[in-house]
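Below is one structure; the comments refer to it alone.
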Amino acid sequence: MGKYLASCVQYRLVIRDVSTLQILQLYTCLDQIQHAEWSADSMFILCAMYKRGIVQVWSLEQPDWHCKIDEGSAGLVSSCWSPDGRHILNTTEFHHFETDTQDLTGIDWAPNGCVLAAWDTCLEYKVLLYSLDGRLLSTYSAYEWSLGIKSLTWSPSSQFLAVGSYDEKVRILNHVTWKPIKELVHPVVVSSPKTVAYREVDKSQSVEPSQLTFPPPRGTPSSLFTVHSKYELVDVPVTLRTVKPDTDRANPELGIGMLAFSPDNRYLATKNDNMPCCVWIWDIQKMRLSVVLEQTSPVRSFHWDPVQPRLAICTGNSKVYLWSPTGCVSVQVPVEGE
């Protein structure tokens with residue numbers, strides 16, 4: 001203890017004898033040394049290069065031995081020895097930054113990795129868009145003094161950001177100005193003649209067993225789905241079933257709780273929680289409602305086929321419901337028990 005003196009000259013570490021100042025060891029680091037520290041027993045010395053995110057460790061007893069710690073893209077803020085002199089504690093930067101929010105609720109990267117969306121607590125409608133280096137690109141707020149954002153998702157192309165809120169609307173923001181280009185409203189009565197409405201019918205209303213053929217005729221692979229289909233087309237205007245939310249409770253069943261873009265950016269599927277049995281499918285190219293599906297039970301989840309525009313819907317029973325631009329089918333999933 002106290003026998004050696006360490007000094008740094010740019011990227012060189014010099015170890016001298018305290019009594020004579022004679023150079024005992026000379027080490028060459030990978031970059032300019034910004035911090036040097038002895039271990040508690042003076043057996044090792046670390047050199048930190050914060051700009052490179054690198055720590056190098058040298059041994060006095062074994063001059064040929066060395067160690068390198070590279071934090072990479074995480075960055076490096078500080079480096080120090082643990083009390084036992086055999087462990088190093090690094091504080092990495094990770095480029096975190098403060099957000100202009102009351103209570104940050106969620107973050108979501110754009111698929112192209114260029115923009116980070118962050119949103120505030122549901123008590124305040126606020127979306128913030130940040131660049132990779134933490135610069136605030138834009139802030140969007142649709143309204144104040146009411147429950148705000150409930151869901152958010154990017155389109156696969158990163159051109160659109162869909163924001164669902166407690167006011168039962170989806171706002172589509174564009175990636176140039178980060179302003180809304182369309183508000184998608186979820187009315188109780190769907191009246192547009194350009195919208196196709198499907199309704200799931202009960203099992204008792206399906207095709208009679210005497211009319212079923214099994215196995216299906218060759219050359220008609222869709223016949224199995226056709227005879228088992230439990231959807232019927234409904235003429236518009238159609239009134240959808242709703243539930244009255246309890247607004248006095250936290251997280252009321254109200255507003256847009258689920259959002260998902262199709263992989264080709266053509267469609268957006270949404271669910272309005274106070275119409276729990278309905279799935280809304282929007283044509284993003286035309287920015288209008290294309291299809292409404294009304295199930296007999298509340299929708300628990302839906303997911304797009306990653307290859308083609310086909311949506312799978314689950315309501316917690318033994319069936320999977322599939323929608324594509326050509327129509328809807330109900331598929332029985334073979335399971336044991338209920």
Side-chain angles (χ1 to χ4, degrees), residues 30-31 49-55 68-78 90-122 124-142 148-165 169-184 256-271 281-285 287 301-312:
L30 295 173
D31 205 336
M49 291 140 276
Y50 296 139
K51 292 181 180 179
R52 290 275 297 269
I54 293 175
V55 175
K68 184 181 79 169
I69 303 171
D70 190 347
E71 295 293 352
S73 60
L76 185 64
V77 176
S78 67
N90 284 346
T91 302
T92 54
E93 185 176 13
F94 284 114
H95 305 293
H96 285 128
F97 49 89
E98 280 195 17
T99 59
D100 185 22
T101 55
Q102 293 184 12
D103 185 6
L104 181 63
T105 296
I107 56 175
D108 193 15
W109 282 109
N112 62 11
C114 295
V115 181
L116 179 68
W119 59 99
D120 211 336
T121 170
C122 65
E124 182 174 356
Y125 193 120
K126 183 185 284 188
V127 182
L128 305 106
L129 290 310
Y130 290 95
S131 63
L132 292 178
D133 57 3
R135 288 181 297 112
L136 180 62
L137 301 176
S138 185
T139 301
Y140 175 70
S141 177
I149 297 170
K150 193 168 189 179
S151 57
L152 181 148
T153 190
W154 289 93
S155 68
S157 65
S158 303
Q159 292 179 304
F160 302 115
L161 179 63
V163 184
S165 49
K169 296 179 181 178
V170 176
R171 291 167 176 86
I172 307 293
L173 310 185
N174 72 84
H175 75 294
V176 179
T177 64
W178 302 113
K179 301 297 182 184
I181 58 175
K182 186 69 175 180
E183 284 189 359
L184 308 181
I256 311 303
M258 295 173 62
L259 292 166
F261 278 97
S262 63
D264 60 357
N265 299 283
R266 177 65 188 269
Y267 298 102
L268 173 67
T270 64
K271 178 194 172 189
I281 300 176
W282 308 81
D283 188 323
I284 296 301
Q285 291 183 1
M287 286 294 174
S301 65
F302 52 66
H303 198 78
W304 287 99
D305 184 325
V307 178
Q308 57 182 304
R310 180 169 58 178
L311 185 69

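The basis for the numbers below is simple: all heavy atoms, side chains too, and nothing from hydrogens, waters or symmetry mates.
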Legend entry - Residues forming a salt bridge (Lys or Arg N to Asp or Glu O under 4.0 Å) with Lys150, sequence neighbours excluded: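 Listed in chain order: Asp273.
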For the residue pair [X] and [Y], establish whether any side-chain heavy-atom pair is separated by less than 4.5 Å.
| X | Y | value |
| --- | --- | --- |
| Leu173 | Ile181 | no |
| Trp304 | Arg310 | no |
| Leu104 | Trp119 | no |
| Val55 | Met49 | no |
| Val163 | Val170 | no |
| Arg266 | Asp283 | yes |

In Å and rounded to the nearest 0.5 Å, what is the [atom1] to [atom2] distance from [X] to [Y]?
| X | Y | atom1 | atom2 | answer |
| --- | --- | --- | --- | --- |
| Thr153 | Leu268 | OG1 | CG | 8.0 Å |
| Phe261 | Ile284 | CZ | CD1 | 5.0 Å |
| Ile107 | Leu116 | CD1 | CG | 5.0 Å |
| Lys271 | Leu259 | NZ | CG | 12.0 Å |
| His175 | Ser138 | NE2 | OG | 13.5 Å |
| Tyr125 | Ile149 | OH | CD1 | 5.0 Å |

Legend entry - Test salt bridge (charged side-chain N to carboxylate O under 4.0 Å, His left out) applied to Asp31 and Lys51, step by step: CA-CA 9 Å; Asp31 205 336; Lys51 292 181 180 179; over 6 Å; no
Considering all heavy atoms of both residues, which atom of [X] and which atom of [Y] are nearest to each other, and what is their separation?
| X | Y | answer |
| --- | --- | --- |
| Pro111 | Pro156 | CB-O, 3.5 Å |
| Gly257 | Ser151 | O-CB, 4.0 Å |
| Pro263 | Gln308 | CG-O, 4.1 Å |
| Lys182 | Met287 | CE-O, 3.3 Å |
| Ala118 | Tyr130 | CB-CE1, 4.4 Å |
| Lys169 | Ile256 | O-CG1, 3.5 Å |

Inset, instruction - Given side chain to side chain contact (heavy atoms under 4.5 Å, CB included), test Tyr140 with Lys126 step by step and report yes or no. - result: CA-CA 6 Å; Tyr140 175 70; Lys126 183 185 284 188; over 6 Å; no
Taking the side chain from [X] and the backbone from [Y], do they hold a donor-acceptor pair closer than 3.5 Å?
| X | Y | result |
| --- | --- | --- |
| Thr121 | Asp103 | no |
| Thr105 | Asp120 | yes |
| Trp282 | Leu184 | no |
| Asn90 | Thr92 | no |

Inset, instruction - I would like to know whether Leu128 and Leu136 meet side chain to side chain contact (heavy atoms under 4.5 Å, CB included); could you show each step before the answer? - result: CA-CA 7 Å; Leu128 305 106; Leu136 180 62; 3.9 Å; yes
Legend entry - Val115, Asp108, Leu152, Asn174 screened by side-chain contact (heavy atoms from CB on, under 4.5 Å) with Leu161, the one that passes: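 Passing option: Leu152.
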Legend entry - Partner of Arg52 by side-chain contact (heavy atoms from CB on, under 4.5 Å), out of Leu30, Leu76, Asp70: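 Single side-chain contact (heavy atoms from CB on, under 4.5 Å) partner of Arg52 among Leu30, Leu76, Asp70: Leu30.
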Inset, instruction - Could you check Ile54 against Glu71 for side chain to side chain contact (heavy atoms under 4.5 Å, CB included), going step by step and ending with a plain yes or no? - result: CA-CA 6 Å; Ile54 293 175; Glu71 295 293 352; over 6 Å; no
Inset, instruction - Could you check whether the rings of Trp178 and Trp154 sit parallel, tilted or perpendicular, using 30° and 60° as the cut-offs? - result: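 Answer is perpendicular, since the angle exceeds 60°.
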Inset, instruction - For Gln159 and Asn265, test the side chains for any donor-to-acceptor distance below 3.5 angstrom and give the result as yes or no. - result: no
Inset, instruction - Taking ring pair (Phe, Tyr, Trp, His ring centres under 6.0 Å) as the test, write out the residues that go with Tyr50, two or more places apart. - result: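 Listed in chain order: nothing, the list is empty.
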